[in-house]
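Each residue takes its place number in the sequence, starting with 1.
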Amino acid sequence: MSFDNLMQHAYEIQQQATLKALTESGARPAVPAGEPQLAPRHGEQEARQRVEQLFSDIPELFQAFAEMPDPAAFDSQLNELRRSIEELSSGWVSRDPVSKDIYPANPRLDEMLDAESHIESWTGRAAMEFKSNFISPFPSIVYNQFMGIAVLRAALDAEREIWVRARDDIDKIAHDTIIALDRMDDCGKNEWVMTFTVVSSVAAVAGVALAPVSFGLSLGLTAVGASSQVAAAGVPDDPPAVRFQGETAQAVVDSMRDAIRLLHGYIAEQEQKIADALTSCCQAVAQQRDSFVAKRPALADATQSDVTGPLFMGYST
């Protein structure tokens, strides 16, 4: 069985459960139109309608999962963020704080460190502020941007992991239900265990420290990542194994409904972990914006009449 055939499985469960329940009630399945009809029995038509109504919600229960995001749709965004991390990788920081991947240093970042020697003859307020606001904090700002993008990419990877595992789990629910309906006539207890792997999708990571750029408390970023990609420091929750059972068609389908309700809840819990982490990151960035973005250049306030004065271009030669 595969996720691509999920709705086919849903209709198979509906049809199989309906046939089993009709047999249990002593009613005969309806004969397709165009074929010789069965001799009517008292109450049989009503019994068919009750049974059909009993399982009419099955396709709808699976439809929401059939429309889940495709994990492959995240690849382009993940690759784009990876390229951003590569651009921000310097000789003083090159290790992803979540996955621990090492990125080669981008030599173009070294050009800022050489800039100071080219402006030694530049004086005035703009010159001093350029050195203090751009050259001096540049390594820390690059470091923080590297960490911020890495944390964002890890969260996106965790989101992708949720849908990978959710697909596996809903497919397993459908598979278990079909097998349980098939085994109803066997001897022994009709029970099965469902392990919800989606619960282990997201792993929490120790806080990612930021480099202080200005005076004040340096904050950190709360990070989460896909459990399959996070280094050993991140420990995901253990996937719960839930036992289900059913000796009648209705009982089997009710167990299936319970499993689907649980899966909805577990997906929401994992989504909330990511949302909480990113909300915390947004607050940290907002509180220390200067740690991620250089201050506005003094030259931006210059006009044609004063740009060459001592406050701006100064006495550069």
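Gln14 and Asp57 form no side-chain donor-acceptor contact under 3.5 Å, judged by distance and modelled atom types alone. For the residue pair Asp101 / Ser99, a side-chain donor-acceptor distance below 3.5 Å is found, with atom types taken as modelled.
Ion pairing between a basic and an acidic side chain is recognised when a charged N comes within 4.0 Å of a carboxylate O; Lys189 and Glu247 show no such pairing. Checked for salt-bridge contact, Glu24 and Lys20 miss the test: no charged N lies under 4.0 Å from a carboxylate O. Contact check on Asp176 versus Lys172 returns a salt bridge, with a Lys/Arg side-chain nitrogen under 4.0 Å from an Asp/Glu carboxylate oxygen. With salt bridges taken as basic N to acidic carboxylate O contacts below 4.0 Å, none links Asp276 and Lys273.
A 4.5 Å side-chain heavy-atom check between Leu54 and Gln250 finds at least one atom pair inside the cut-off. Within the 4.5 Å cutoff, side-chain heavy atoms of Ile170 are placed close to those of Phe62. Using a 4.5 Å heavy-atom cutoff, the side chains of Glu191 and Arg243 are in contact. Taking 4.5 Å as the limit, every side-chain heavy atom of Ser200 sits out of range of all side-chain heavy atoms of Thr197.
Closest non-hydrogen pair, Ala66 versus Phe3, comes out as CA-CZ, 4.0 Å. Minimum heavy-atom separation, Leu81 to Leu156: CD1-CD2, 4.0 Å.
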- Item | Intermediate values then yes/no, side chain to side chain donor-acceptor pair (under 3.5 Å), Asp182 and Gln16 | CA-CA 8 Å; Asp182 285 338; Gln16 194 171 343; 2.3 Å; yes

- Evaluate the side chain to side chain donor-acceptor pair (under 3.5 Å) criterion for residues Arg165 and Ser227: first the C-alpha distance (whole Å), next the side-chain angles of each, then the deciding distance (0.1 Å), finally the verdict. CA-CA 11 Å; Arg165 299 197 180 210; Ser227 59; 3.0 Å; yes

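Tested against Asp75 for a salt bridge (Lys or Arg N to Asp or Glu O under 4.0 Å), the candidates Arg153, Arg160, Arg82 yield a single pass: Arg160.
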Would you tabulate the side-chain donor-acceptor contacts of residues 258-267 under 3.5 Å, counting partners in other chains and residues two or more places apart, or write 'none'?
| unit_1 | atom_1 | unit_2 | atom_2 | d |
| --- | --- | --- | --- | --- |
| Asp258 | OD1 | Arg261 | NH2 | 2.2 |

